[in-house]
Amino acid sequence: MDQTDAANVLKDVSSELLTCMQCGTCSGSCPSGRYTSMVTRKIVRMARVNKRVLKDINLWMCTTCYTCQERCPRQIKITDAILAIRTITVHDGCILPEHRRVSQLVLQYGHAVPINDAVKQKRKKLGMEALPETVHKYPDALLDVQTILKSCKFDELVAEGQEE
Amino acid sequence: MKKLSLYLGCITPNRYPGIEKATKLCLDKLNIDWVDLKGASCCPAPGVFRSFDKTTWLTLASRNIILSEEMERDVLTICNGCYASLADANRELKEDHTLKKSINFHLDTIGKSFKGSVDVRHIIELFYDELGPQKITKMIQRPVNLNVALHYGCHLVKPSAERKLGSTENPTFFDELIEATGAKSIDYPDKMVCCGAGGGVRSALLDQSLAMLNHKLARIKEAGVDCIVNACPFCHLQFDSGQAEIKEKLGIEYNIPVLHYSQLLGLAFGYSPQELGIDLNLITNNEFFETLKKSD
Ligand code: SF4
Ligand code: SF4
C-alpha cells in the first residue's frame, strides 16, 4: 500500500469515523491510555477533522491490541484506522529511530530480531544447531528476501537521513 | 490433520530457543507430521511492518507461505504475532485477486508466486481443534501440579471478525488446554488485557510498554500463581525480559517464571525444565524448580 492507498483506506474508515459518538468506550478500554498520554477517542476525533494527528507521538503508543475495535458500539474499525494513519505518517518520512533500526535489521538479516552469540550458546546447550533453519542458515534465502524488499522499495522507505 | 511445516519467526529461534525445542519434542510426542520451514524470514512483524507499508508486509509474508505451499504443507506458527501476519496475509491474498497479482509482481523477481493452496495455523487453535483437551490428557505421561496465570495474548483471538475463535472477553479454549496438562488455570483481573509489547511500543517506547506490563504483573502476583503461560514468544519476552527491566527501572521484583505452552506440555510429557530450556529464561526462580521436583 503506498500513500494514496493508505489515504483511500482512511477515507473508507473516515465515513465510519463520522459515526463516532465520542462515548469514550475506546479510551476506557485502552491498556495504553491507562498509563500513557494516548487517548483513543481523541485520535478518532482528530483523524476525522484534520491531519494534526499525523505527527502525534500518541499514534505510536497503540499496541494494536484491538480491544477498542472489538468494543466500539458503532463498530468503527479504530485499530485499522490507526494503522492506516501510521502508514501515511511513515511515507511522510516520520519514523521513530528505533523502528528505523528494526527495519534495517530485516533488510540486513531477514530477521527483526537476529541471533547473537549468547543465544547460539544457549542453542548448543540445548543440543540444537547454533543457527536455526531460517534465512540465518541459508544465504540464498536471505538474498531472496533482500531482493523482494528492494522490489517493494522498502530500503528507500526506511533509509537513514530522512526527517525524523 | 494436514501435514505441517514449522514456522519459527524471529524471537523463538533467536532469543528463546527452549520454545523451539519444546515445540518439536511435543509435536513428535503427539505424532504430528511436521518438518522445518527452511529459509523462512521474519513474518514480518505485524505491529511495525504492517503499518509501515502494506505491500512490503504482504510480499514478505507471502514468501514464507509459498515455502510451505511448495511442500504442500500448512504453516504452523507458535507466535501470536506471526499468526496475525501470516494468517491475515494469506486470507487477504486468497480473497483479493487483484491484490494477489500485484504482490506476485514483486515475488516474480525471485521466481516465486503465491497460489493460496495452504492454511496458516496457530499451535493453540490447532491443538484445540485437531486433538482437543481430552486426547491430550490421555497422551501425557506426568500431569503437572502447577497453578498457572494464563495470558492468551491479543492477536490469538482479535480481531474476532478474522480469528473466529469465539469470545474475546471470556474465551476458555486455551484454559482447557492448560488444564489438560494437569495444571490449574487461575483466574485473575485483567486476564485478557494486553502485555504492552505489540504495535512497536516495546521497541520504541519501552517505559510506556513496561508500565502496561507492570499492571498485568501486579494482578498476576496477587493471584498467587506458580508461573505465567503464554503462546507467543513476544509476550514471553515481554513477561520474562520485562520483569528484569522493571526490577532495574522501578525496583519492583516479581520473580514469576514464564513458560510457553509447549514448555508446559513438555513438562507433562516428562521432560525436565533443562531439556525444555525453561532455565534459560532471565527469570529463574529456584522455588519453581523445587515445586517441579516435588511433584515427581
Ligand atoms: S468507542 Fe467508538 S463511538 Fe465510542 S468514542 Fe470510541 S470510536 Fe467513538
Ligand atoms: S488497539 Fe490501540 S488504541 Fe485500541 S485499545 Fe488497544 S492499544 Fe488502545
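Note that the structure is a prediction, hence the values are computed from the model and not measured. Chain letters run A, B, ... following the sequence lines, proteins first and then strands; every chain starts at 1. Hydrogens, waters and symmetry mates play no part in the numbers below; they use all other heavy atoms, side chains included.
- Interface residue A:Tyr138: only side-chain heavy atoms are found under 4.5 Å from chain B.
- Listed options B:Phe105, B:Phe49, B:Tyr16, B:Trp57 were ranked by heavy-atom pairs under 4.5 angstrom with chain A; first place goes to B:Phe49.
- You'll find the side chain of B:Pro13 reaches within 4.5 Å of the side chain of A:Arg123, heavy atoms only.
- Residue A:Pro132 comes nearest to B:Glu20 through the heavy atom pair CB-OE1, 4.4 Å, listed as atom of the first residue, atom of the second, then distance.
- Put simply, the side chain of B:Leu280 reaches to within 4.5 Å of the side chain of A:Leu126, judged on heavy atoms.
- Atom NZ of B:Lys21 is separated from atom NZ of A:Lys122 by 14.5 Å, given to the nearest 0.5 angstrom.
- Atom CG in B:Leu107 sits 5.5 Å away from atom CD1 in A:Ile148 (nearest 0.5 Å).
- Residue B:Val193 comes nearest to A:Pro31 through the heavy atom pair CG1-CB, 3.8 Å, listed as atom of the first residue, atom of the second, then distance.
- Contact detail for B:Gly39 and A:Ala141: the closest heavy-atom pair is O-CB, 3.6 Å.
- Proximity of B:Ser41 to A:His111: side-chain heavy atoms (C-beta onward) are nowhere separated by under 4.5 Å.
- Contacts between A:Lys125 and chain B at a heavy-atom distance below 4.5 Å involve the side chain alone, from C-beta outward.
- Residue contact with chain A, scored on non-hydrogen atoms closer than 4.5 Å, is absent for B:Ala45.
- Only the backbone of B:Glu275 comes within contact range of chain A, with heavy atoms under 4.5 Å apart.
- Scanning both residues, A:Thr134 and B:Gly9, for their nearest heavy atoms gives CG2-O, 4.4 Å.
- We find the CZ-OG1 distance between B:Phe52 and A:Thr87 to be 9.5 Å, quoted to the nearest 0.5 Å.
- Under a cut-off of 6.0 angstrom, the local environment of CD in A:Gln75 is sparse, with at most 12 non-hydrogen atoms contributed by other residues, nucleotides or ligands.
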Q: Take A:Glu98 and B:Leu205, measure what side chain to side chain contact (heavy atoms under 4.5 Å, CB included) needs, and give me the verdict at the end.
A: CA-CA 9 Å; A:Glu98 276 306 310; B:Leu205 303 160; over 6 Å; no
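- Salt-bridge check for B:Asp190 with A:Arg34: passed, with a basic side-chain N closer than 4.0 Å to an acidic carboxylate O.
- No other option in B:Gly277, B:Ser102, B:Ser160 has as many heavy-atom pairs under 4.5 Å with chain A as B:Ser160.
- Note on B:Lys38, B:Lys216, B:Lys24, B:Lys112: by heavy-atom pairs under 4.5 Å with chain A, the leading option is B:Lys38.
- In this structure, B:Val201 and A:Trp60 have side chains that are not in contact, with every pair of non-hydrogen atoms separated by 4.5 Å or more.
- Chosen from A:Thr64, A:Leu105, A:Val102, the residue pairing most often with chain B at heavy-atom distances under 4.5 Å is A:Thr64.
- Listed here is the closest heavy atom pair of B:His106 and A:Ser151: ND1-OG, 2.7 Å.
- Residue A:Asp140 does not touch chain B at all, counting heavy-atom pairs closer than 4.5 Å.
- Listed options A:Met61, A:His99, A:Arg71, A:Lys120 were ranked by heavy-atom pairs under 4.5 angstrom with chain B; first place goes to A:His99.
- Atom CZ of B:Arg63 is separated from atom CG of A:Leu149 by 9.5 Å, given to the nearest 0.5 angstrom.
- In this structure, the portion of A:Met128 lying under 4.5 Å from any heavy atom of chain B is its side chain and not its backbone.
- Of the two parts of B:Tyr7, neither the backbone nor the side chain holds a non-hydrogen atom closer than 4.5 Å to a non-hydrogen atom of chain A.
- For the options B:Met192, B:Glu169, B:Gln274, heavy-atom pairs under 4.5 Å to chain A are most numerous at B:Glu169.
- The distance from atom CD1 of A:Ile88 to atom OG of B:Ser51, rounded to the nearest 0.5 Å, is 12.0 Å.
- Within 6.0 Å of atom NZ in A:Lys153, 12 or fewer heavy atoms from other residues, nucleotides or ligands are found, so the atom counts as exposed in its surroundings.
- Proximity to chain A is absent for every atom of B:Leu58, based on heavy atoms less than 4.5 angstrom apart.
- When every heavy atom of A:Val113 is checked against every heavy atom of B:Asn14, the shortest pair comes out as O-ND2, 2.8 Å.
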**Q.** CA sep, side-chain torsions, deciding dist, call: A:Asn116, B:Arg15, side chain to side chain contact (heavy atoms under 4.5 Å, CB included)
**A.** CA-CA 8 Å; A:Asn116 58 35; B:Arg15 287 297 176 274; 3.4 Å; yes
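- Of the inter-residue distances, the one linking A:Gln69 atom CD with B:Thr168 atom OG1 reads 11.0 Å to the nearest 0.5 angstrom.
- Of the two parts of A:Ser103, the backbone and the side chain both hold a non-hydrogen atom closer than 4.5 Å to a non-hydrogen atom of chain B.
- With a threshold of 4.5 angstrom between heavy atoms, B:His155 approaches chain A through side-chain atoms but not through N, CA, C or O.
- Around atom OH of A:Tyr109, no more than 12 heavy atoms belonging to other residues, nucleotides or ligands sit under 6.0 Å away.
- In this structure, the portions of B:Leu60 lying under 4.5 Å from any heavy atom of chain A include both its backbone and its side chain.
- For the set A:Leu142, A:Thr79, A:Val145, the count of heavy-atom pairs under 4.5 angstrom toward chain B peaks at A:Val145.
- With hydrogens and angles disregarded, no donor-acceptor distance shorter than 3.5 Å links the side chain of B:Asp36 to the backbone of A:Glu133.
- Proximity of A:Thr63 to B:Arg202: side-chain heavy atoms (C-beta onward) are nowhere separated by under 4.5 Å.
- No side-chain donor-acceptor contact under 3.5 Å links A:Ser32 and B:Gln208.
- Using a 4.5 Å cut-off between heavy atoms, B:Asp279 contacts chain A through its side chain alone, with no backbone atom that close.
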